[in-house]
Undergrad: 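There's a structure below that I have some questions on.
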Amino acid sequence: MTKNPSKLKGAQILLECLHREKVKVIFGYPGGSVLDVYNALYESNLQHILVRHEQAAVHAADGYARVTGDVGVCLVTSGPGATNTVTGLATAYMDSIPIVVFTGQVPTMLIGNDAFQEADIVGISRPCTKHNYLVKSVAELPRIIKEAFYIARSGRPGPVLVDLPKDIIGAEIDFEYPEKIDMRSYKPTYKGNRRQIVRAVEEITKAKKPVIYAGGGVVLSNASHELGLFARQFQIPVTTTLMGMGCYPGTDQLSLGMLGMHGTYRANMAVSSCDLLIAVGARFDDRVTGDLNTFAAGATVIHIDIDPTSISKNIKVSIPIVGDCREILKDMIEVAGEKKIKKNDRKAWFYTIADWRNKHSIEYQMDAVIKPQYVIEKLYELTSGKAIITTEVGQNQMWAAQYYIFDEPRKFLTSGGLGTMGYGFPAAIGAQVAHPKATVIDIAGDGSIQMNIQELATAVQYGLPVKIAILNNMCLGMVRQWQQLFYKKRYSHSTFQRHPDFVKLAEAYGAVGLRAEKPGEVESVIKKALAVKDRPVIMDFVVDPEECVYPMVPAGAPISNMILL
Amino acid sequence: MRHTISVMVDNRPGVLSRIAGLFSGRGFNIESLSVNETLDPTMSQMTIVTRGDDRILEQITKQLNKLIDIIKVVDYESSGSDFIERELALIKVNVDEHKRSEVLSIIDIFRCKVVDVSRTHYTVEVTGDENKIQAIIDLFRPLGIKELVRSGKAAMLREHKIKA
Ligand SMILES: Cc1ncc(C[n+]2csc(CCOP(=O)(O)OP(=O)(O)O)c2C)c(N)n1
Ligand SMILES: [Mg+2]
């Protein structure tokens, strides 16, 4: 307990708790029920970013959390402010991102009365948060905030919502911040079972055709270094999920690239033919596995994950190991000791993989019009692969994953689980706030960008030089692609007849607007954009509207069953 | 297969709706449910009867364990131990002149209690396992059941038997 308790109001307690949790910035939007908190913020040195829509506040906090590994924080008002956070919460929940969202609520005595701007946000957000709280007395506020941060960042991370009735924010008590957390009902497992680890190492030394399938859990547990040591010690090729991008260097020899619906040929073939699959921090999502019966059908499966519900949910696992990826990989390396596999011992397996690679690499054909893939290749080249990339959802997202290669984790921010259009731009704002000097690029679609375009005003106000690269195909490209391939080219409501002039739109907001209409203009547009350091930039790339993402595995088909270019 | 699951939870508002939400959101079904405070008033004990194959039951118990407010989950069937299950029913049965003696003899055989009496109906209280309660209902039905209320299940592991 702290030594000198002093009387504080709920609002001040909130800010004091944020300070103790080392929160540096919050993303928010004021309103009636949180005016007391905003009043306290007036004289606080906590940085507050005023967004233009609460959904964006949550995505920005989420982006901040993904690049830093710290908990992202939001503050919004009751009712519509609270309900506007739902998509952001669901996005963070599906991708296991640690954020804490504080929502205002009507005074305790009015709860349940259909009061002005009342919404049962605790009820609404229950299925899309890791946990949530309605604070019922100011005395429990410090403990709840402490628990909220702890729950958000520990175990399998996730969003936590804390609902703050107006009278509680206004009430006074002696403030004491609990130093310890004591929750009898929540105790995540970090250490893996030793016997399982020994068994896993035995299997690994026996395997002839092993593959590591690494997911977002590796990023979340900061296990990239250990994964690298482990893969090299046993010479095991690594494929990553969309969420795992960068957790193993994409340019490394052992990298197979991404697997799944739009995965590389060699990754999907390798997983389909391996004799041992080591899943690390991945959850066998349907976009990864396709048909479950044929997924890694001939393989022994080792599954390392902190969340027991992920294990044996979709496919049967021979050796489950519950715990933190990093701890477990460390233990596996320790158990293996001197045992290791030489590159030469895997000659046959590597030869097969090289052959797959040579047969079908990720490719596209140049043309007189700009190919979207070309734009991303150029972005990669001109940023030396060092930018923080966020994406929207659709073809833009898949091309970003295929053509921008990540050698480090926490550089690729995308809504993998929920597939939220409108995520990329606010997430980029969050990332830019965390790393003001970094190059942050939102690879966007012309549809998605319009779902949170209002945040241009936020980025301009705070001088955030986020770059938006719109792959403007005048359509909901991914929807169009499915209609082309699976609905007899019946393009029902997937093409836009009209768009705003994105260049003028940028200018209207006080941002920079640039456009490229021919392949020859791409490079100079990117260079101009990269040179801007004090405000956001929209790059409007007019791209081929008919381009499709390949390879593609039809939903539910075996992943070896790829439609190739 | 049918499973009886015991769930120990923190006695806090909203816990029941978290559990109900988990079952409905993930397409699991609840056949019966009973909730009450334990000896320790900070905890509640729930007994949930559900149905599913091994894979579903594994998911149900894991998902329950994952909820923050949940302290302990035991699937009695999968635990392999013996357990006692009881439920309670209140049955309002018709006792017209010529039916009264038959009702009374059923009550006697099954050792149930009459807890309320009117000129036309007896309200009978029965406790027992599901089979017993079903049997009484089946016997009363032809005589005319006016109203029936059944509780959820309460279940408990047996102590190890003393060996003879
Ligand atoms: C909020 C939301 N609404 C609808 C969808 C369904 N959806 C998935 S991709 C897509 C098309 C996106 O179009 P655009 O942003 O232009 O990207 P493109 O595929 O053309 O690169 C749509 C509508 C979604 N993922 N998210
Ligand atoms: Mg588009």
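Reckoned from all heavy atoms, side chains included, excluding hydrogens, waters and symmetry mates. This one's a predicted model, so the numbers in the text were calculated from it and none came from an experiment. Throughout, protein chains are lettered first and strands after them, A, B, ... in sequence-line order, and every chain is numbered starting at 1.
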Undergrad: Give, as side chain, backbone, both or neither, the part of B:S24 having an atom under 4.5 angstrom from any heavy atom of chain A.
TA: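 Neither part.
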Undergrad: Under the criterion side-chain contact (heavy atoms from CB on, under 4.5 Å), which of B:L67, B:L64, B:I48 is the partner of B:V73?
TA: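 Among B:L67, B:L64, B:I48, the one meeting side-chain contact (heavy atoms from CB on, under 4.5 Å) with B:V73 is B:L64.
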Undergrad: Got a salt bridge between A:R283 and A:D285, using NZ or NE/NH1/NH2 to carboxylate O under 4.0 Å?
TA: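 Looking at A:D285 together with A:R283, the answer is yes, because their closest N to O distance falls below 4.0 Å.
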Undergrad: At a 4.5 Å cut-off on heavy atoms, which part of B:R55 comes close to chain A: side chain, backbone, both, or neither?
TA: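 Side chain of B:R55 only, per the 4.5 Å heavy-atom cut-off to chain A.
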Undergrad: Please classify the contact between B:I70 and chain A as side chain, backbone, both or neither, with a heavy-atom cut-off of under 4.5 Å.
TA: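 Contact with chain A: backbone only.
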Undergrad: Identify which part of A:L134 has an atom lying under 4.5 Å from any heavy atom of chain B, answering side chain, backbone, both or neither.
TA: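 Neither part.
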Undergrad: Heavy-atom cut-off 4.5 Å, strictly under: side chain, backbone, both or neither for B:Q59 against chain A?
TA: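 Side chain of B:Q59 only, per the 4.5 Å heavy-atom cut-off to chain A.
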Undergrad: In terms of side-chain geometry, is the basic nitrogen of B:D69 or B:R18 positioned less than 4.0 Å from the acidic oxygen of its partner?
TA: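 Salt bridge present between B:D69 and B:R18.
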Undergrad: Looking at B:K113, I want to see if its NZ is surrounded by more than 12 non-hydrogen atoms of other residues, nucleotides or ligands under 6.0 Å.
TA: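 Check fails, neighbour count at 12 or below.
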Undergrad: Could you look at A:D307 and say if it's the side chain, the backbone, both or neither that has a heavy atom under 4.5 Å from chain B?
TA: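 Only the side chain of A:D307 comes within 4.5 Å of chain B.
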Undergrad: Of the backbone (N, CA, C, O) and the side chain (C-beta and beyond), which part of A:P308 lies under 4.5 Å from a heavy atom of chain B, both, or neither?
TA: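 Both parts, heavy atoms under 4.5 Å.
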Undergrad: Using non-hydrogen atoms only, which part of A:K130 is less than 4.5 Å away from chain B: side chain, backbone, both, or neither?
TA: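 Both backbone and side chain.
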Undergrad: Can you tell me if A:E147 uses its side chain to pair, donor with acceptor, with the backbone of A:I144 under 3.5 Å?
TA: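 Between the backbone of A:I144 and the side chain of A:E147 there is no qualifying donor-acceptor contact (under 3.5 Å).
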